[in-house]
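From a predicted model like this one, the values you see are computed outputs, not experimental measurements. Residue numbers begin at 1 in each chain, while the letters A, B, ... track the order of the sequences.
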2 protein chains.
Amino acid sequence: MIFCKTTEYALRIMSYMAMNEKKLYSANNIYENLRIPFRYLRKQLTILSKSGLIFSVQGKNGGYRLSKNLSEISLLDIIHAAGDNQIYNECFFGFQSCAFKKKCALHYKWEVVIESINNVLISTTLEELKKTGTPDCISKNSLIFTKNK
Amino acid sequence: MIFCKTTEYALRIMSYMAMNEKKLYSANNIYENLRIPFRYLRKQLTILSKSGLIFSVQGKNGGYRLSKNLSEISLLDIIHAAGDNQIYNECFFGFQSCAFKKKCALHYKWEVVIESINNVLISTTLEELKKTGTPDCISKNSLIFTKNK
DNA sequence: TTTAAATAATACCTGGAGGTATCATTTATG
DNA sequence: CATAAATGATACCTCCAGGTATTATTTAAA
Ligand code: SF4
Ligand code: SF4
């Protein structure tokens with residue numbers, strides 16, 4: 001699945017919030033739509049707030065709102081904001097670095113894969129996602145995971 | 001890093017053993033070259049044996065040997081043999097399946113990435129790896145991780 | 001000014017991946 | 001046949017991602 005759950009959650013949340021960049025989304029609202037375990041969701045939202053990609057408004061009628069333009073938030077930004085510092089290493093076998101001139105059969109093949117991943121993550125912004133309306137898809141999909149608060 | 005450690009270990013082990021398909025490799029030999037934590041390595045070797053990709057010879061001078069032709073062992077085979085049942089899901093957000101006609105902006109973009117991963121895993125066999133001599137690279141690289149038995 | 005609805009902080013619980021430790025079994029060889 | 005060198009089986013340890021629980025703080029609005 002490539003991303004860890006927490007990162008996936010962050011991607012879902014941010015994509016959902018991209019629906020309406022002006023709106024203040026409460027944790028409750030997000031929970032109702034994404035069905036991410038409530039208390040964990042709350043925790044992640046504060047983490048995302050601290051990252052600066054969104055900001056929070058406390059008190060009654062509070063919530064969260066994007067703090068940048070959609071076009072200024074890439075998927076990679078979100079991944080980092082979620083605290084996922086995983087680097088998409090280029091060695092297929094997971095070695096830190098290859099000290100050898102002669103590369104194995106996988107080296108270049110895999111480099112292409114890694115680059116295509118990074119390319120998607122860097123070049124795709126929330127703006128692009130909004131156009132095709134992901135969040136709707138997301139919220140409906142998540143109804144599969146029926147959980148109680 | 002895409003693969004879990006255990007899977008990485010399996011890939012390293014099998015690639016190393018592909019160097020000489022006739023040879024019986026002892027756990028000690030593999031340890032000396034790959035520096036995978038010894039007892040864990042032992043455990044993984046028995047798992048790989050049970051999977052059928054390699055077989056073990058017990059007793060003095062025993063060890064492990066590939067039980068198929070190099071061309072018959074793909075990277076995906078190895079991953080499965082290592083007990084890694086992860087399916088390379090096509091939904092970027094990690095949803096099980098998309099019940100919607102209208103796909104989000106990431107759907108096709110990501111499908112391409114996933115397919116390229118699966119393509120490498122399915123189409124690359126140990127035969128191909130042997131040609132370029134990965135194992136040497138692997139063994140030298142692993143000396144970085146100096147551990148004691 | 002009190003209350004209720006929201007977020008913040010903090011500490012704890014849990015399962016499973018990765019790693020250890022110990023003992024049992026197999027077998028070549030002197 | 002005794003020994004040493006190998007693998008097999010099993011049980012345990014440890015850390016951390018993911019998830020819970022509790023209490024504190026902020027603020028709109030009745
Ligand atoms: S040559 Fe192969 S083993 Fe060495 S760094 Fe590249 S992918 Fe990894
Ligand atoms: S359309 Fe988007 S959210 Fe829906 S399954 Fe495809 S990638 Fe996932």
Item checked: Note: A:Glu128-B:Lys109 ion pair, threshold 4.0 Å (strictly below) -> yes

Note to self: It should be established whether B:Ser56 places a side-chain nitrogen or oxygen under 4.0 Å from OP1 or OP2 of nucleotide D:dG8.
What the structure shows: yes

Notebook entry, point to check: To the nearest angstrom, how far is B:Leu41 atom CG from C:dT20 atom P?
Noted result: 12 Å

Item checked: Atom-to-atom span, OH of A:Tyr31 to P of C:dA5 - whole angstrom -> 18 Å

Check: With respect to the phosphate group of D:dG8, does any side-chain polar atom (N or O) of B:Tyr64 fall under 4.0 Å of OP1 or OP2?
Finding: yes

Check: So, B:Ser26 and B:Asn29: side-chain donor and acceptor under 3.5 Å apart, yes or no?
Finding: no

Margin query: For A:Trp110 and A:Phe95, I'd like to know if the aromatic rings sit close, meaning centre-to-centre distance below 6.0 Å.
Written below: no

Checklist line | Spacing of B:Glu8 atom CD relative to C:dG18 atom C1', expressed in whole Å | finding: 13 Å

Item checked: d(CD, B:Gln44; P, C:dG18) in whole Å -> 8 Å

Next item on the list: Please determine if a side-chain N or O atom of B:Thr46 lies less than 4.0 Å away from the OP1 or OP2 oxygen of D:dT7.
Entry: no

Next item on the list: Starting from B:Leu24, walk the hydrophobic network (Ile, Leu, Val, Met, Phe, Trp, Tyr; side-chain heavy atoms closer than 4.5 Å) and list everyone else you reach, by chain and number.
Entry: B:Phe55, B:Val57

Next item on the list: May I ask you to verify if any side-chain N or O of A:Thr6 is less than 4.0 angstrom from the OP1 or OP2 atom of D:dG18?
Entry: yes

Next item on the list: Measure from CZ on B:Phe38 to P on C:dT20 and round the result to the nearest Å.
Entry: 12 Å

Check: In whole angstrom, what separates B:Ile47's CD1 from C:dG19's C1'?
Finding: 12 Å

Dump the pairs, protein N or O against N or O of nucleotides 27-30 of chain D, anything under 3.5 Å, distances to one decimal.
{"residue": "D:dT27", "atom": "O2", "partner": "A:Lys60", "partner atom": "N", "Å": "3.4"}
{"residue": "D:dA28", "atom": "O3'", "partner": "A:Asn61", "partner atom": "ND2", "Å": "3.1"}

Note to self: For C:dG18 and B:Tyr9 - does any side-chain N or O of the residue sit under 4.0 Å from the phosphate oxygens OP1/OP2?
What the structure shows: no

Notebook entry, point to check: Of all the choices, D:dT20, C:dG18, C:dA9, which nucleotide is nearest to the side chain of A:Pro37 once you look at every atom?
Noted result: D:dT20

Item checked: Salt bridge B:Glu127-B:Lys131, side-chain N to carboxylate O under 4.0 Å -> no

Check: How far apart are the closest heavy atoms of A:Leu66 and A:Ile54, and which atoms are they?
Finding: CD2-CG2, 3.7 Å

Check: Do B:Phe93 and A:Phe3 have ring centres separated by under 6.0 Å?
Finding: no

Item checked: Selected nucleotide, minimal atom distance to A:Arg39 side chain, candidates C:dG19, D:dT22, C:dA9 -> D:dT22

Return the polar atom pairs (N/O with N/O) between nucleotides 12-16 of chain D and the protein under 3.5 Å, or none.
none

Notebook entry, point to check: What about B:Phe38 and B:Tyr31, are their ring centers closer than 6.0 Å?
Noted result: yes

Margin query: Among C:dG18, D:dT20, C:dA6, which nucleotide has an atom closest to any side-chain atom of A:Asn28?
Written below: C:dA6

Notebook entry, point to check: Is there a donor-acceptor pair closer than 3.5 Å between any side-chain N or O of B:Ser56 and the backbone N or O of B:Gln58?
Noted result: no

Check: Going by distance alone, is a donor N or O of one side chain under 3.5 Å from an acceptor N or O of the other, for B:Ser116 and B:Asn119?
Finding: no

Checklist line | Whole angstrom value for the distance that separates P of C:dG18 from CG of B:Leu45 | finding: 16 Å

Notebook entry, point to check: Separation of A:Leu24 atom CG from C:dT7 atom C1', in whole Å?
Noted result: 11 Å

